[in-house]
Amino acid sequence: MNKIAIVGAGRVGETTAQMLAEKALAREIVLFDVQEGLPEGIALDILQTSPFFRFDCRIRGSNDPQILVDSELVIVTAGLPRKPGMSRADVLESNVRIIDEVTDRIMAFAPDAMVLLVSNPVDTLTYRVAQRTGWGQGRIFGQAGVLDAARMASFIALETGFSARDITTIVLGGHGDTMVPLTRLCTINGIPIAHFIPQDRIESIIERTRKGGAEILALRKRSSAYDAPGAAVAAMVDAIAYNRRRVIPCVALLEGEYGETDIAMGVPCILGEKGVESIIELALNPDERADFERSATAVRAERERLSEIH
Ligand code: NAD
C-alpha cells in the first residue's frame, strides 16, 4: 500500500505501527493523536528501529489531521482503554464521542479510505462509523475475531503442547463475554481438537478465551493488552495490502447475513485489497445458532445505548 494512517498513538497504535513497519506493509505509515508531541515522538522512535529490521518505509506523526490526506486505510485505535473490573461496554460513552470526532476527520481528510476499527467496544463503534459515514460494508470493518481466535489457539497450544502454527480456530459474534468460539471447526492440522482435548478442558479453554482480555488487564493493571491486538491488526492489514483474500473473522456490518440487519459483529469474511469482499454464511448447528443470537442480542443492547448519548 502507499499510505496507512493510525489514529490514536497509544499502546495499540504504537505496537501496530511498529509491526506494520517491520513487515513493510506500506510505503508510508503515519500516526495522528491529540496529545502534543506523542505521535511525532513515537514515529521517530519506530523510525530508529529501521536499521535493525531493515525496513525503509517513511514514518511520520502529527497532531495535525492533514497528515491523514491520501491514506488508503485508516486504523482507529483512539479512545480510552478499560481499567481493571470494567467491561468493554463501560467505555462506550467516552469512546463514542472520540470516535465521532475521529470519523469526521477521516471523512474530511481521507474520504476514500477504508476504516479498520480497533477501539472498544469495537462492534458498536464499527456500527457507529458505518452510520456516520454512510460508507458500505466493504470499507468499514473492525478487529476482534482475529485476536480472539489467536487467544484460543494459544490456549490450545498450551493445553496440548503442540505447535501453535498447526492450530486453526474460529471465533464469531460480539467481542465480549458472549463471543462464539466454534469448537466444531477448530482443528490441529485438520484433526478436530476433540480428538486431543477432553470436553471439560475445551469448555475451560472457551471460558478463558472469552475472558482473555480481562485476564491480561487484571495482571497488567495499568494497561489492557496491546501486543497480540497489534499483531491481529497487522494480520488483517497484511491480507489487505497483498490482496490475499484471506478467510478471517472481521467485525462487519450485517445486511441480512445470519438473519441480522442494522448491526456490526464478528463473522467470517473474505478480506482483500478492497476490504471486506464478502461475508461467508456458515451453516450453524442449533447450539451455535443460539449462541450467535445471544451474542447479537448483547451487541444490539449496547448499540441501543447509542441513542442515549448526545
Ligand atoms: P491508550 O490509552 O494507550 O491509547 C489511546 C490513544 O488515543 C491515546 O494516545 C489518546 O491520546 C488517543 N486519543 C484520544 N482521543 C483521541 C482523538 N480524538 N483523536 C486521536 N487520538 C485520540 O489505549 P490503548 O491501550 O492503545 O487502547 C486503545 C483502544 O483500543 C481502547 O479503546 C481499547 O479498549 C481498544 N482495544 C481493542 C482491542 C480489540 O481487540 N478490538 C484490543 C485492545 C485494545
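In listed order, ligands and their atoms are each counted from 1.
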### Task
Please test Glu255 against Thr261 for side-chain hydrogen bond (donor to acceptor under 3.5 Å, both in side chains), starting from the C-alpha separation and ending with a verdict.
CA-CA 5 Å; Glu255 297 167 346; Thr261 47; over 6 Å; no
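- Looking at His175 next to ligand 1, an N or O pair under 3.5 Å apart turns up.
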### Task
Please step through side chain to side chain contact (heavy atoms under 4.5 Å, CB included) for the pair Glu273 and Tyr242, ending with a clear verdict.
CA-CA 7 Å; Glu273 64 184 346; Tyr242 287 103; over 6 Å; no
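- Every atom of ligand 1 with a heavy atom of Leu38 under 4.0 Å away is listed here by number and element: 9 (O).
- Closest protein heavy atom to atom 5 (C) of ligand 1: Gly79 O, 3.2 Å.
- Not close to ligand 1: Val91, with no non-hydrogen atom less than 4.0 angstrom away.
- Taking a 4.0 Å cut-off on heavy atoms, Ser223 fails to register as neighbouring ligand 1.
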### Task
List the steps, then state whether salt bridge (Lys or Arg N to Asp or Glu O under 4.0 Å) holds for Lys211 with Asp177.
CA-CA 7 Å; Lys211 306 241 155 62; Asp177 296 348; 5.1 Å; no
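- Heavy-atom contacts of Ile98 reach the following atoms of ligand 1: 15 (N), 16 (C), 17 (C), 18 (N) (cutoff under 4.0 Å).
- With a 4.0 Å heavy-atom cut-off, ligand 1 is reached by no atom of Leu117.
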### Query
Could you walk me through whether Asp104 and Arg132 pass the salt bridge (Lys or Arg N to Asp or Glu O under 4.0 Å) check?
CA-CA 8 Å; Asp104 292 348; Arg132 203 166 172 94; 2.9 Å; yes
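- Nearest protein neighbour of atom 44 (C) of ligand 1, counting heavy atoms only, is Val12 CG2, 3.7 Å.
- For Phe32, the closest heavy-atom approach to ligand 1 falls below 4.0 Å.
- Counting heavy atoms closer than 4.0 Å to ligand 1, residue Glu101 contributes side-chain atoms (C-beta onward) but none from N, CA, C or O.
- Every atom of ligand 1 with a heavy atom of Asn95 under 4.0 Å away is listed here by number and element: 32 (O).
- If you check each of Leu116, Thr126, Val34, Leu217 against atom 16 (C) of ligand 1, the one with the closest non-hydrogen atom is Val34.
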### Task
Please assess Lys23 against Asp238 for the test salt bridge (Lys or Arg N to Asp or Glu O under 4.0 Å), listing each intermediate value before the final yes or no.
CA-CA 8 Å; Lys23 291 171 188 291; Asp238 176 85; over 6 Å; no
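- Near Thr77, meaning under 4.0 Å from any of its heavy atoms, are these atoms of ligand 1: 5 (C), 28 (C), 29 (C).
- In this structure, the protein non-hydrogen atom closest to atom 8 (C) of ligand 1 is Asp33 OD2, 3.5 Å.
- Taken from CD in Glu40 to CG in Asp45, the straight-line distance is 13.0 Å, to the nearest 0.5 Å.
- Considering only heavy atoms from C-beta on, Ile156 comes within 4.5 Å of Ile188 through its side chain.
- Polar contact with ligand 1: absent for Ala144 (N/O pair, distance under 3.5 Å).
- Contacts of Leu147 with ligand 1, taken as heavy-atom pairs under 4.0 Å, involve the side chain alone.
- Residues Ile75 and Thr77 have side chains in contact (heavy-atom distance under 4.5 Å, counting atoms from C-beta outward).
- Considering backbone and side-chain atoms alike, Leu80 places an N or O below 3.5 Å from some N or O of ligand 1.
- Counting atoms of ligand 1 from 1 in the listed order, those under 4.0 Å from a heavy atom of Gln35 are 8 (C), 9 (O), 10 (C), 11 (O).
- The ligand atoms of ligand 1 that sit less than 4.0 angstrom from a heavy atom of Pro229 are 42 (C), 43 (C).
- The closest protein non-hydrogen atom to atom 4 (O) of ligand 1 is Gly10 CA, 3.1 Å.
- At the top of the distance list for atom 34 (O) of ligand 1, counting protein heavy atoms only, stands Asn120 ND2, 3.1 Å.
- Atom CD of Glu304 sits in a crowded spot, with more than 12 heavy atoms from other residues, nucleotides or ligands closer than 6.0 Å.
- Protein heavy atom at the shortest distance from atom 2 (O) of ligand 1 is Pro81 CD, 3.4 Å.
- Counting only heavy atoms from C-beta outward, the side chains of Ile29 and Arg58 never approach each other to under 4.5 Å.
- With ligand atoms numbered from 1 in the order given, ligand 1 contributes 43 (C) to contacts under 4.0 Å with heavy atoms of Ala225.
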### Message
Please determine whether side-chain hydrogen bond (donor to acceptor under 3.5 Å, both in side chains) holds for the pair Arg300 and Thr297, giving the CA-CA distance in whole Å, both sets of side-chain angles, and the decisive distance to 0.1 Å.
### Response
CA-CA 5 Å; Arg300 197 170 286 108; Thr297 302; 4.7 Å; no
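- Within the 4.5 Å cutoff, the side chain of Leu31 has no heavy atoms near those of the Arg60 side chain.
- For Asp227, the CG atom counts as densely surrounded, since its 6.0 Å shell holds more than 12 non-hydrogen atoms of other residues, nucleotides or ligands.
- With respect to atom 21 (N) of ligand 1, the closest heavy atom belonging to the protein is Ala78 CB, 3.5 Å.
- Heavy-atom proximity to Gln143, at under 4.0 Å, picks out these atoms of ligand 1: 39 (C), 40 (O), 41 (N).
- The protein heavy-atom contact nearest to atom 30 (O) of ligand 1 is Ser119 CA, 3.8 Å.
- Taken to the nearest 0.5 Å, the CE atom of Met265 stands 10.0 Å off from the OH atom of Tyr258.
- Surrounding CZ of Arg244 are more than 12 heavy atoms belonging to other residues, nucleotides or ligands, all under 6.0 Å away.
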